[in-house]
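To keep things clear, I will list the structure first and then write my remarks on it.
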Amino acid sequence: TACTPTSVEELINFDDIQLYPNLASNYVNIYSEKYQKIREIRMFDSAGNLVQSLKMTSDRMEVDLSRISNGLYYFSFIETGGNHVTKKLT
């Protein structure tokens with residue numbers, strides 16, 4: 001007996017998320033039309049330490065970086081199904 005899928009869930013990918021400006025100082029903007037699929041955003045420093053965890057409640061958000069040291073950071077966008085996309089911010 002063959003199994004036929006009734007639907008295919010479209011996952012978020014690297015190009016679905018915009019993170020700007022890169023070379024941020026006081027803030028960074030995040031934009032995604034697929035924000036409803038993003039369960040959580042985790043920000044890590046270059047050593048892999050969790051800096052902050054965020055919830056995306058609309059297609060655009062601004063993240064305050066004024067209290068964070070300059071450096072290299074990674075934003076991990078975690079889908080409701082557990083898949084994730086990671087973007088680098090300097």
Side-chain angles (χ1 to χ4, degrees):
T1 306
C3 182
T4 305
T6 56
S7 69
V8 176
E9 184 177 342
E10 185 178 336
L11 303 175
I12 59 172
N13 64 51
F14 190 81
D15 294 327
D16 290 331
I17 301 167
Q18 296 175 19
L19 191 64
Y20 61 93
N22 204 343
L23 292 179
S25 56
N26 292 323
Y27 67 93
V28 65
N29 292 297
I30 300 172
Y31 172 76
S32 179
E33 290 181 0
K34 296 184 179 181
Y35 75 92
Q36 301 96 334
K37 295 182 181 228
I38 301 171
R39 177 180 47 136
E40 182 181 10
I41 302 169
R42 293 180 185 164
M43 181 180 173
F44 297 93
D45 64 17
S46 59
N49 299 308
L50 180 65
V51 175
Q52 61 180 318
S53 180
L54 308 160
K55 301 284 184 206
M56 193 161 185
T57 57
S58 70
D59 63 344
R60 297 177 192 277
M61 70 182 291
E62 183 177 283
V63 179
D64 182 8
L65 303 176
S66 63
R67 299 171 201 249
I68 298 172
S69 301
N70 290 340
L72 178 65
Y73 293 92
Y74 296 91
F75 283 78
S76 183
F77 298 85
I78 303 163
E79 288 184 297
T80 53
N83 296 316
H84 71 277
V85 171
T86 301
K87 291 207 166 213
K88 179 173 66 171
L89 179 73
T90 53

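Note that the structure is a prediction, hence the values are computed from the model and not measured.
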With a sphere of 6.0 Å drawn around OH of Tyr27, does it hold more than 12 non-hydrogen atoms of other residues, nucleotides or ligands?
no

Measure the shortest side-chain to side-chain distance between Arg39 and Thr80 over non-hydrogen atoms and say whether it is less than 4.5 angstrom.
yes

Tell me whether Ile38 shares a hydrophobic cluster with Val51, the cluster being built from Ile, Leu, Val, Met, Phe, Trp, Tyr side chains joined at under 4.5 Å.
yes

Among the clusters formed by ILVMFWY side chains lying less than 4.5 Å apart, do Leu72 and Leu23 turn up in the same one?
no

Distance, nearest 0.5 Å, that separates OH of Tyr31 from CE of Met56:
9.0 Å

Nearest-0.5 Å distance, CG of residue Asn13 to NZ of residue Lys34:
6.0 Å

Looking at every heavy atom in both Leu50 and Gln52, which two are closest together, and how far apart are they?
CD1-O, 3.5 Å

Quick one: does Lys87's side chain have a donor or acceptor within less than 3.5 Å of a partner on Phe14's backbone?
yes

Heavy-atom side-chain contact between Tyr73 and Val28 under 4.5 Å:
no

Taking Leu54 as the starting point, is it possible to reach Met43 by hopping between hydrophobic residues whose side chains are less than 4.5 Å apart?
yes

Hey, what do you get for CD1 (Ile41) to CE (Met61), rounding to the nearest 0.5 Å?
5.0 Å

Joint hydrophobic cluster, Phe75 plus Val85, side-chain heavy atoms closer than 4.5 Å:
yes

Is there a continuous path of hydrophobic side-chain contacts, each under 4.5 Å between heavy atoms, that joins Ile78 to Ile30?
no

Heavy-atom closest pair, residues Ser53 and Arg42:
OG-CG, 4.3 Å

Distance check, rounded to the nearest 0.5 Å: Asp64 atom CG versus Asn26 atom CG?
7.5 Å

N/O donor-acceptor pair under 3.5 Å between Asn22 side chain and Thr90 backbone
yes

Residues His84 and Ser76: closest non-hydrogen pair is CD2-OG, 3.6 Å

Using 0.5 Å steps for rounding, measure from the CZ atom of Arg60 to the CD atom of Glu33.
9.0 Å

Closest heavy-atom pair and its distance - Leu65, Leu89
CD1-CD2, 3.9 Å

